[in-house]
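Down below is the structure, laid out as structure tokens.
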Amino acid sequence: MTQLAHARITAIGSYVPERILTNDDLEKMVDTNDEWIVQRTGIKQRHIAAEDEFTSHLCIQAVEQLQNRYHVALNDVDLIVVATTTPDYSFPTVSCRIQQHFGMEQAGAIDLNATCAGFTYGLHLANGLIAAGLHRKILVVAGETMSKITDYSDRNTCILFGDGAGAVLVERDLEASWFEAFTLGTNGEGGIHVYRSGLAEQMDGTPLIGNGKIVQNGREVFKWAVRTVSSGIEQLLQQAVLSLEDIDWFVPHSANLRMIESICEKSGMPLAKTLQSVQDMGNTSSASIPLALEAAVREGRLKLGDRVMLYGFGGGLTHAGLILRWGISKEI
Ligand code: COA
């Protein structure tokens, strides 16, 4: 990749709500059981926001951790990009609420909705804007309160989702190149939906299904994800002129552990190289990748210079993958 300036991740933070919803708890709510859930998804528990806790609260906590942990100045951040599919309001956006909370007076603010691929789309934008010389310091945040759009009487979906947020700081670096390859793609057929009350019927006569909560064809989404991500891995390696052996860590969206296993099997990626957050946090949509990265940093597994492949995919259907060198030099 030829670039004018380079972008580098220099700090990371995350947050999950205190309340935990276990498989045993779900057994009391719908006709399911721990064995079925673990066997089909690998999920053991998820964190669920309190009634008065919303996506912006989670995102602010993640940014606060990033700030306190790395002692970084936020007053010269020039853009805040928030990936979310569960904003507090249509507007003000979550990025505006973060800007206000931290008083980032020089920052532009934009939310993007690329569902579970939102974080990788956010990095794609941040890298491009920094490389083009338009920005120097971008906060990329991914946060979700999936529990607010989950129907807890539908056993097909309520076992899957959880809440959380992650944040990274992406800064201009004139010395070294950190981002090495990107791929994006879309299959706009859907497969997983949240219809807005009233609008779907008005638009094309589609009856309102799900009453504003998630509905999906789980089997089709599963198959699409395995097929798409496996070929995306190949494209990324070709673009960067690398092989699977060159990748230190693979961080796919944490939708389902079985899905990650199938992607690894089909692509040849060793399962031992994967970082995931799905077992303890469920599917946290756009937040799942930064949550997995933050845990790996905290556990001392992910180190400066490691070559990491991230792959986000989800509703839309849309997907975005990238290869980067891990850029955080400060220990925590
Ligand atoms: N507990 C027990 N049984 C359940 C259940 C639950 N929570 N949910 C569904 N079932 C039942 C179904 O009713 C069905 O019963 P039937 O055979 O009597 O009709 C049976 O289990 C099989 O259902 P199916 O939907 O075919 O299961 P599956 O093996 O495809 O697993 C998912 C379901 C949702 C776990 C799986 O399809 C999946 O993870 N898909 C991807 C979804 C996803 O990740 N979406 C987000 C993308 S970002």
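Remember, it's 1-based here, ligands and their atoms both numbered in the order they're listed.
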Which ligand 1 atoms are under 4.0 Å away from a heavy-atom of [X]?
X: Ala255; value: 44 (O)
X: His253; value: 48 (S)
X: Cys116; value: 48 (S)
X: Asp31; value: 1 (N), 2 (C)
X: Arg40; value: 22 (C), 27 (O), 28 (P), 29 (O)
X: Thr32; value: 1 (N), 2 (C), 6 (C), 7 (N)

Please check if any side-chain donor atom of [X] sits under 3.5 Å from a side-chain acceptor atom of [Y], or the reverse.
X: Thr93; Y: Ser95; answer: yes
X: Gln276; Y: His253; answer: no
X: His319; Y: Thr228; answer: no
X: Arg46; Y: Asn23; answer: yes

Worksheet item: Is there a protein heavy atom less than 4.0 Å away from atom 32 (C) of ligand 1?
Response: no

Discussion item. Under 4.0 Å from atom 19 (O) of ligand 1, is there at least one protein heavy atom?
Written reply: no

Worksheet item: Under a heavy-atom criterion of less than 4.0 Å, does Arg258 contact ligand 1?
Response: no

Discussion item. Judged on heavy-atom distance to atom 13 (O) of ligand 1, which of Glu220, Arg155, Gln216 sits nearest?
Written reply: Arg155

Fill in: Closest candidate by heavy atom, reference atom 4 (C) of ligand 1, pool Trp224, Phe313, Phe222, Trp36
Trp36

Discussion item. To the nearest 0.5 Å, what is the distance between CZ on Phe250 and CG on Leu244?
Written reply: 9.5 Å

Short N/O distance, under 3.5 Å, between [X] and ligand 1?
X: Thr41; value: no
X: Phe161; value: no
X: Asn283; value: no
X: Asn33; value: no

Fill in: Stepwise side chain to side chain donor-acceptor pair (under 3.5 Å) test for Glu245 and Ser243
CA-CA 5 Å; Glu245 292 72 50; Ser243 65; 3.0 Å; yes

Worksheet entry | For atom 40 (N) of ligand 1, the protein heavy atom that lies nearest, with its residue and separation | Gly218 O, 2.9 Å

Item to complete: Specify side chain, backbone, both or neither for Ile159, according to which of its non-hydrogen atoms lie closer than 4.0 Å to ligand 1.
Response: side chain

Fill in: Common cluster, Val170/Val308, ILVMFWY with side-chain heavy-atom separation under 4.5 Å
yes

Practice prompt. Apply the salt bridge (Lys or Arg N to Asp or Glu O under 4.0 Å) test between Lys137 and each candidate in Asp76, Asp173, Asp78; give the one that qualifies.
Written response: Asp76

Worksheet item: So Glu294 and Arg69, side chain to side chain contact (heavy atoms under 4.5 Å, CB included) or not? Walk me through it.
Response: CA-CA 12 Å; Glu294 192 278 332; Arg69 184 184 264 175; 2.6 Å; yes

Practice prompt. Please step through side chain to side chain donor-acceptor pair (under 3.5 Å) for the pair Asp151 and Ser153, ending with a clear verdict.
Written response: CA-CA 5 Å; Asp151 176 355; Ser153 65; 2.6 Å; yes

Item to complete: Check whether any side-chain N or O of Arg172 sits under 3.5 Å from a backbone N or O of Ile130 as a donor-acceptor pair, and report yes or no.
Response: no

